[in-house]
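Report on one structure; see the data block that follows.
None of the values given here were measured: they were computed from a predicted structure.
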Amino acid sequence: MNLMTRMLLVLLLFSSMPVSVRADEPTIRQERPPFTLSEEARAAIRSEIQAVINEGYYPGISVLLIHRGKVIMREAHGVVDIETKQPFTVDQLCWLASTGKLFTATLMASLVDDGLLAFDDPIAKTFPEFAEIRLLDGSKPKQPVRLRHVLSHTSGIPNDNWLKSEKQLEKTSSELKDYIFPQTSQDFVNGCLKQGLVIEPGTRMMYGRPIDLSACVAEKITGKTFVELMQERVFKPLNLKNTTIQPTKAELKRLAPLYQSKKAGVFEPDNFGLDVAERQNQRFSTAGGGVYSTLDDIGTLMQLHLNRGVHKGKQLINAESLQQLYQSQPGTNGRYGLAFQIKESKVNGNSRILSHPGYSGPVAWVDFERELVGVLLMQSNTVNRTKHHNRIIDTIYRFIPGEKTPR
């Protein structure tokens, strides 16, 4: 037997031996093909969307579903304008209201990724005067107000509802000028300091305006405006050409009219989105709800999260920085991370939905268990929107399975 034959026999022997894998070694996730929605599934989803429209709270609704990187549904139903009956389209520009917080969260993770800030940073690190903020009884809080507190609405600074119910202060009150209508970041910081703390930071969620402190911090540590940072770190890298914080006159003409619907079939014009655009084009930009975007652009942002920070083969933000956004925060009863809502779905398996709805009707979400990104746009403010979101999402989930066993 020559040397070459011996070497071949040795190679064959070793290739046939079982390979042991240590239990603590991470397993490589096998790429699986995207799910294909059957005609039955499409019909069921369309039927549910149409049923919601028929209830009379939304003129129109659009939907985008991306599964394992492939668009599996992209449709619009109903009308965008109840006067002209113009159809709601898949490229309709919409005001996202609080759904825009998902863009803010992405920006903040980018800044953390570059070492410019940390989620545990006290606001006083950037604005030293914040070290003097006090509780209602004049005492110093047990811990400082941190960036993670403002992003999870647990800062202890009162929101609009508390100010109205406890102090009888309306938004038009002169006492709230810097808090409600700040001209600059410093104005808003001063407005928050004037309100003080009504609860200990990190102990209870009070959803509202103080999340804008994150934009104030970002602006001061970088020397750039919030708009510039969003353009440089989120919009441009993801090529979001139809997303803006300061819409032009041409973009405002394309903007879906916003309605308020408190009663089925009754739609009243709502100018809130136009008012926000006017304020942002003049002065302070809100981190809490100032983004105008389209179905596809929102889908691209959420796909960045599903891909753990990778866009078109490039790691834009490290997965570890993004992962911090999805962890439930103290004081939120497990319902909220850093500008991400957290919900559990048990429809057709188990999964965790990371999302955010908005005053103007939209919701966008990412689901790692189902490897799914979803967006619903509906430009109407109604108290029923959470119920309607859940109905449509539950219908979608009937056809896209999650984990079959509890995690």
Side-chain angles (χ1 to χ4, degrees), residues 98 100-133 141-157 182 184-193 197 201-202 205 207-238 245 284-291 301 304-305 308-311 315-332 336-340 354 356:
S98 286
K101 288 177 172 66
L102 300 173
F103 289 82
T104 295
T106 307
L107 169 64
M108 301 311 290
S110 169
L111 294 169
V112 167
D113 205 39
D114 283 351
L116 294 170
L117 52 80
F119 290 124
D120 276 325
D121 283 349
I123 303 300
K125 181 177 179 180
T126 309
F127 294 96
E129 58 269 42
F130 236 85
E132 301 305 314
I133 199 166
K142 294 176 183 177
Q143 66 168 314
V145 178
R146 303 181 188 276
L147 185 58
R148 71 169 60 253
H149 295 146
V150 301
L151 287 167
S152 61
H153 304 282
T154 59
S155 66
I157 300 167
T184 65
S185 291
Q186 188 63 56
D187 284 345
F188 187 68
V189 169
N190 294 341
C192 288
L193 288 170
L197 301 175
M205 191 172 176
Y207 185 88
R209 206 173 295 268
I211 193 173
D212 285 348
L213 282 170
S214 64
C216 300
V217 169
E219 288 190 345
K220 189 163 183 181
I221 64 170
T222 63
K224 297 179 179 180
T225 67
F226 184 70
V227 174
E228 289 170 338
L229 288 169
M230 198 70 88
Q231 284 285 353
E232 292 175 8
R233 290 176 169 269
V234 182
F235 300 167
K236 287 183 179 178
L238 293 175
I245 292 176
F284 184 71
S285 300
T286 172
V291 177
L301 177 85
L304 175 75
H305 287 272
R308 294 167 174 80
V310 175
H311 176 68
Q315 190 83 46
L316 297 184
I317 306 173
N318 283 322
E320 293 79 6
S321 299
L322 292 172
Q323 187 66 30
Q324 295 183 67
L325 304 175
Y326 318 140
Q327 305 305 311
S328 62
Q329 297 298 301
T332 69
Y336 211 88
L338 301 178
F340 270 85
L354 300 159
H356 215 296

Look up atom [atom1] in [X] and atom [atom2] in [Y], then write down how far apart they are to the nearest 0.5 Å.
{"X": "L107", "Y": "Q231", "atom1": "CG", "atom2": "CD", "answer": "11.5 Å"}
{"X": "C192", "Y": "I157", "atom1": "SG", "atom2": "CD1", "answer": "4.5 Å"}
{"X": "I133", "Y": "L197", "atom1": "CD1", "atom2": "CG", "answer": "4.0 Å"}

Residues that Q143 engages under side-chain hydrogen bond (donor to acceptor under 3.5 Å, both in side chains), provided they are two or more places apart: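 So Q143 forms a side-chain hydrogen bond (donor to acceptor under 3.5 Å, both in side chains) with R146.
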
Residues passing the side-chain hydrogen bond (donor to acceptor under 3.5 Å, both in side chains) test with E219, sequence neighbours excluded, are S185

Looking at every heavy atom in both [X] and [Y], which two are closest together, and how far apart are they?
{"X": "L147", "Y": "A118", "result": "CD2-O, 3.8 Å"}
{"X": "I317", "Y": "A109", "result": "CG2-O, 4.0 Å"}
{"X": "S321", "Y": "F119", "result": "O-CE1, 4.2 Å"}
{"X": "S155", "Y": "V150", "result": "CB-CG1, 4.0 Å"}

Ring pair (Phe, Tyr, Trp, His ring centres under 6.0 Å) partners of [X], counting only residues at least two apart:
{"X": "H149", "result": "none"}
{"X": "F226", "result": "none"}
{"X": "Y336", "result": "H153, H356"}

Do [X] and [Y] touch side chain to side chain, with heavy atoms closer than 4.5 Å?
{"X": "I123", "Y": "T126", "value": "no"}
{"X": "M230", "Y": "T104", "value": "yes"}
{"X": "V310", "Y": "L316", "value": "no"}
{"X": "R308", "Y": "L322", "value": "no"}
{"X": "L338", "Y": "M108", "value": "no"}

Do the side chain of Q327 and the main chain of L325 share a donor and acceptor less than 3.5 angstrom apart? no

Got a donor-acceptor contact below 3.5 angstrom from the S110 side chain to the T106 backbone? no

Those residues at least two apart in sequence (or on a different chain) that pass side chain to side chain contact (heavy atoms under 4.5 Å, CB included) with K224 are T222, E228, L229, E232

Who passes side chain to side chain contact (heavy atoms under 4.5 Å, CB included) against T184, sequence neighbours left out?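 Scan of T184 (side chain to side chain contact (heavy atoms under 4.5 Å, CB included), adjacent residues dropped) gives Q186, D187.
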
Derivation of the side-chain contact (heavy atoms from CB on, under 4.5 Å) call for Q329 and T154: CA-CA 9 Å; Q329 297 298 301; T154 59; 5.5 Å; no

Which pairs would a plain distance check flag for residues 207-216, meaning a side-chain donor or acceptor within less than 3.5 Å of a matching protein atom at least two apart in sequence or in another chain?
from, atom 1, to, atom 2, distance (Å)
Y207, OH, S98, OG, 2.8
Y207, OH, K101, NZ, 3.0
R209, NE, D160, OD1, 3.3
R209, NH2, D160, OD2, 2.6
D212, OD1, T286, OG1, 2.9
D212, OD1, A287, N, 2.9
D212, OD1, G288, N, 3.0
D212, OD2, T286, OG1, 3.2
S214, OG, I211, O, 2.7

Could you list all the salt bridge (Lys or Arg N to Asp or Glu O under 4.0 Å) pairs where at least one residue sits in residues 107-118, not counting sequence neighbours?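 Qualifying pairs: D114-R233.
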
Can you run down the salt bridge (Lys or Arg N to Asp or Glu O under 4.0 Å) pairs that involve residues 119-130, sequence neighbours left out, and say none if there aren't any?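 Qualifying pairs, neighbours excluded: D120-R148, D121-K125.
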
